[in-house]
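Below is one structure, written out as structure tokens, with a few remarks after it.
Every chain is numbered from 1 and lettered A, B, ... according to where its sequence line falls, protein lines coming before strand lines.
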There are 2 protein chains.
Amino acid sequence: MARTQGSHSDITGPRIREAALRLFARHGFAAVSMRQIASEVGVQAGALYNYIPDKQALLASLLRGHMDDLLAAWQAEATTGDTTEKLERFVRFHIRYNLERPDAIFISYMELRNLTPENFAQIEALRKTYESTLEGILRDGHEAGRFDVPDPAVTTYALIAMLTGVNTWYRSAGRLTVDEVCDIYWTMTRRMIAASSEA
Amino acid sequence: MARTQGSHSDITGPRIREAALRLFARHGFAAVSMRQIASEVGVQAGALYNYIPDKQALLASLLRGHMDDLLAAWQAEATTGDTTEKLERFVRFHIRYNLERPDAIFISYMELRNLTPENFAQIEALRKTYESTLEGILRDGHEAGRFDVPDPAVTTYALIAMLTGVNTWYRSAGRLTVDEVCDIYWTMTRRMIAASSEA
DNA sequence: GTCTATACGGGGATAGAC
DNA sequence: GTCTATCCCCGTATAGAC
């Protein structure tokens with residue numbers, strides 16, 4: 001039997017974060033009320049403040065958590081292989097990772113403006129770190145003569161935008177599998193940076 | 001001498017739209033109050049309702065106006081030239097047009113979820129129309145043997161995302177002119193669809 | 001066409017009982 | 001740790017005077 005009152009500190013915290021992530025992604029940070037979040041979790045609004053200082057800190061914590069997870073996941077993949085293999089791994093990793101966490105990705109791009117300047121700077125730095133790994137790969141490949149990348153910074157922006165864009169249109173019920181999508185984007189990427197072979 | 005009261009119907013309407021566009025882009029639709037918009041325009045909140053039925057209709061009208069302008073502007077450019085020239089023109093047109101209207105572009109991507117289903121369907125149809133012109137160019141070029149585009153639909157998504165992404169990073173005070181940016185993106189586009197020459 | 005005033009609901013956040 | 005109750009502010013939208 002579920003208790004309607006009492007201590008649930010171990011599960012309520014995560015549930016608040018899950019509910020907030022989903023609601024912020026669906027309706028936008030400003031449009032979601034603390035009462036809505038509480039209602040999803042099954043507690044009263046006041047109880048939320050046992051877990052978070054305020055609404056803004058909740059958003060910042062979600063975004064920071066997402067960026068930390070993303071960087072850790074990429075670090076776990078990025079170890080071996082030559083430059084071309086690293087680039088291919090980045091392309092496939094980015095598409096897959098984003099498709100698996102649409103809510104977190106959506107919020108990360110849409111709700112940055114609702115952060116305080118301090119929180120914004122922190123999240124931006126993490127994002128910059130992630131994007132720099134791609135830029136590093138492009139520069140390495142260019143210097144090694146494997147790629148032709150006249151402007152690594154711009155190419156990084158272009159690639160990130162292109163890859164992240166998959167989230168706006170891909171549906172698992174559609175005509176393409178995730179693997180097929182990754183193949184297509186890897187082909188486009190390879191051509192964009194003029195990698196030597198199309199094998 | 002400015003009147004503090006009286007009739008200004010000819011200028012208040014446009015000023016409401018300009019203020020709303022700017023504020024929605026800056027803070028998000030849900031976070032902006034009618035009182036804020038009125039204050040920017042220099043009227044009381046109640047006076048806004050002489051021009052718009054409600055807040056939601058104001059947003060829909062801004063988005064519809066933007067899409068109408070976009071389609072008209074592209075129609076005015078799209079008349080002549082072979083397929084490769086048309087594609088190059090699309091790339092440069094899209095980047096320039098977006099950079100000149102950052103607020104409208106931002107809102108068009110961020111605030112779609114705040115539209116009623118009817119308004120959303122309308123705006124989406126206009127956006128689809130615009131993107132279809134690009135897909136048409138890619139299909140034409142592929143069939144004519146000028147491009148190699150295995151999946152025109154996905155390539156369209158990829159190109160639109162890549163080009164629209166310029167707005168997130170470009171600053172006129174930065175190291176690149178708009179022309180240089182267009183050149184870089186056109187090179188990347190040409191390679192992506194494997195257009196015959198790189199001249 | 002704009003004003004003032006206001007209706008009415010809902011927002012974030014806190015206090016104190018249990 | 002959660003509840004109920006509440007504070008205080010602000011939201012959209014309307015009514016009626018000028």
Value in whole Å for how far the P atom of dG11(C) lies from CG of Leu23(A): 12 Å
Expressed in angstrom and rounded to an integer, what is the separation of Ile16(A) atom CD1 from dT2(D) atom C1'? 11 Å
Using atom CD of Gln56(B) as one end and atom C1' of dA13(D) as the other, report the distance to the nearest whole Å. 15 Å
On the nucleotide dG1(C), are OP1 or OP2 found under 4.0 Å from the side-chain N or O atoms that Thr12(B) carries? no
Distance under 6.0 Å and angle within 45° of ring axis: Arg101(B) vs Tyr97(B): yes
Suppose we call a contact any N or O donor and acceptor under 3.5 Å apart; does that hold for the side chain of Arg35(B) and the base of dG11(D)? yes
Tell me the interatomic distance from Arg15(B), atom CZ, to dT2(C), atom P, rounded to whole angstroms. 10 Å
Would you say Ser33(A) reaches dG11(C)'s phosphate, i.e. side-chain N/O to OP1/OP2 under 4.0 Å? yes
I need the NZ-P distance between Lys55(B) and dG9(C), as an integer number of Å. 19 Å
Side-chain contact check for Asn50(A): nearest option of dT12(D), dG12(C), dT2(D) is dT2(D)
Counting heavy atoms from C-beta on, name the nucleotide in dG12(C), dA13(D), dC3(D) closest to the side chain of Tyr49(B). dA13(D)
Is any side-chain nitrogen or oxygen of Tyr51(A) closer than 4.0 Å to OP1 or OP2 of dT2(D)? yes
Distance check: side-chain N/O of Gln44(B) vs OP1/OP2 of dT2(C), anything under 4.0 Å? no
CD of Glu85(A) to CD1 of Ile137(A): how many Å apart, nearest 0.5 Å? 11.5 Å
